[in-house]
2 protein chains.
Amino acid sequence: MPANNPRKRTDPRVRRTRRLLRDALISQMLERDFASISIKEVTERAEVAYVTFFRHYDSLEQLLMEVLDEGLGELLLRIEMLAKKSDDSDLETEGRLIFEYAGQKADLFQILFKSPSVARVRKKVVRNIAATFRQSCLPLARSGHPMATAMLSHHIATSLLALIEWWLDNRMEPAPAQMGKVYKSLIIDSAVGAVNSVSAVPG
Amino acid sequence: MPANNPRKRTDPRVRRTRRLLRDALISQMLERDFASISIKEVTERAEVAYVTFFRHYDSLEQLLMEVLDEGLGELLLRIEMLAKKSDDSDLETEGRLIFEYAGQKADLFQILFKSPSVARVRKKVVRNIAATFRQSCLPLARSGHPMATAMLSHHIATSLLALIEWWLDNRMEPAPAQMGKVYKSLIIDSAVGAVNSVSAVPG
DNA sequence: TCCTTTTTGTTATACTGTGTAACAATTGTG
DNA sequence: CACAATTGTTACACAGTATAACAAAAAGGA
């Protein structure tokens, strides 16, 4: 594995090989699950020798990291601009730019989310929870907008799971009672309060 | 693969085998990444013959599905109760019960979130985005509570990514301009509005 | 208990993918 | 051109998947 020295300009053969491998992996991941993709398949599609892969990467996951780091770097820049805004109209504009960017780089986002080795399991759980909220959550039912309801229930489900994940990573602090309050204000009250603001959404 | 006939009581040997395999997989996944676990390892830990695995499951992922379906079924029941509540105090109570349940079944939630084949990549992206918000988001900086800030920035990052994921799955509808409004009201305004309500959180 | 059925264990085997080594061929650079 | 670095080719050891055939053990009904 040649050192990635930023001072020296890298050998054009190395740049070419790595670019071919990145493109081949992206191409494969738009078709198959990441876990089912073999190094042999990637090198064959990239038209690069099998052993050459191991001269640049230790694993397919490392290559995937490079692909996403390269591709989503611009996203972080846009999010940084977005996070600095405090004016309301600018917030909306930057939010729109984020989604326009996501539309342009749809391939990479699909890869980030869709690769179903384990993500499929998580997605299934999210769908179940969202369906539960969609059927049972009274404030959601009152909104009456099907698309808004679908979006809100999905938002609530993912937010709840993400909050549980963060809480477990944070050694289960603060206590469940506090988290109950957080859940109510940050997720439910917020979503219910947003129903009115989002009522202009077609559905 | 014997049919899972719910009418007939299943053979005790089958129940025993499947239980041993489920427990072995859970035990393994608390130590290693799911992608690195082999069927051989699971059957050895379960003290079951290697070939017996294929008499019950087609893949390790199928076994994982069964583990999570079994273990998280109660979560859906609690969430359903939670979603039906409209009284504020009950909402808090049910929210607390959710997190107490998550604490009891911490093993399963760890498995659901931690298995880092692809989830690790996603988690890294979430951390990057959350850090961006934590450093740049002015309303967050004003809150002054470190733990609340960490929790809120994580919530914003996961919510934004989840919203993008839903939007891509929904064939990029509604238009980015509408999504910009949704982003503002559902994520930012909600989080900012929750800062005050959550100010009692220690940190 | 005896008999039948079902499940599990044992062994062998074909196949695919990983990772390394040695050496030849090609390409970039001074 | 000559040297250095990269890539390609071939061979090999190893681990994991998946199936088949047959023996052993356990369950359930008469």
Which whole-number value in Å describes the distance from [X] [atom1] to [N] [atom2]?
X: B:Phe53; N: D:dG16; atom1: CZ; atom2: C1'; result: 12 Å
X: A:Gln62; N: C:dT18; atom1: CD; atom2: P; result: 15 Å
X: B:Glu44; N: D:dA15; atom1: CD; atom2: P; result: 12 Å
X: A:Tyr50; N: C:dG19; atom1: OH; atom2: P; result: 7 Å
X: A:Ile39; N: C:dT16; atom1: CD1; atom2: C1'; result: 13 Å
X: B:Lys40; N: C:dT10; atom1: NZ; atom2: P; result: 14 Å
X: B:Arg16; N: C:dT7; atom1: CZ; atom2: C1'; result: 12 Å
X: B:Tyr57; N: C:dT7; atom1: OH; atom2: P; result: 14 Å

Under 4.0 angstrom between [X] side-chain N/O and [N] OP1 or OP2:
X: B:Thr52; N: C:dG9; result: yes
X: B:Thr17; N: C:dT7; result: no
X: A:His56; N: D:dT7; result: yes

**Asked** Sequence neighbours excluded, which residues qualify as side chain to side chain donor-acceptor pair (under 3.5 Å) partners of A:Ser59?
**Response**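 Scan of A:Ser59 (side chain to side chain donor-acceptor pair (under 3.5 Å), adjacent residues dropped) gives none.
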
**Asked** Could you give all pairs that pass the salt bridge (charged side-chain N to carboxylate O under 4.0 Å, His left out) test and reach residues 34-43 of chain B, with sequence neighbours left out?
**Response**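 Non-adjacent pairs meeting salt bridge (charged side-chain N to carboxylate O under 4.0 Å, His left out): B:Arg32-B:Glu41.
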
**Item:** Five-pair end axes of the helix from C:dT1-D:dA30 to C:dG30-D:dC1, angle between them (10°)
**Value:**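 Helix axis angle between the two ends: 30°.
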
**Message:** Output one letter per nucleotide in nucleotides 21-30 of chain D: B when a protein non-hydrogen atom lies under 4.0 Å from the base, S when only the sugar-phosphate is that close, - when neither is.
**Reply:** B---BBSS--

**Message:** Let me confirm one number: the CD-CH2 distance from A:Gln178 to A:Trp167, rounded to the nearest 0.5 Å.
**Reply:**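 So the gap between those two atoms works out to 12.5 Å.
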
**Prompt:** Going from CZ on A:Phe53 to OG1 on A:Thr43, what distance comes out if it is rounded to the nearest 0.5 angstrom?
**Reply:**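 Spacing of CZ (A:Phe53) from OG1 (A:Thr43) equals 8.5 Å.
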
**Item:** Selection: residues 19-27 of chain B, any non-hydrogen atom under 4.0 Å of DNA chain C
**Value:**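 Correct list: empty, so none.
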
**Item:** Non-neighbouring partners of B:Arg16 that pass salt bridge (charged side-chain N to carboxylate O under 4.0 Å, His left out), sequence neighbours left out
**Value:**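 Partners of B:Arg16 by the salt bridge (charged side-chain N to carboxylate O under 4.0 Å, His left out) criterion come out as none, since no residue qualifies.
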
**Message:** If you only use heavy atoms from C-beta on, which nucleotide in C:dT18, C:dT8, D:dT7 is closest to the side chain of A:Ser38?
**Reply:**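 For the A:Ser38 side chain, the nearest candidate turns out to be C:dT18.
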
**Basic-acidic side-chain contact under 4.0 Å: A:Glu70, A:Arg18** =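 Between A:Arg18 and A:Glu70 there is no salt bridge, as every charged N stays at least 4.0 Å from the carboxylate O atoms.
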
**Message:** If you count heavy atoms of other groups shown closer than 6.0 angstrom to CD of A:Glu47, is the number above 12?
**Reply:**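 Counting other residues, nucleotides and ligands, CD of A:Glu47 stays at 12 neighbours or fewer.
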
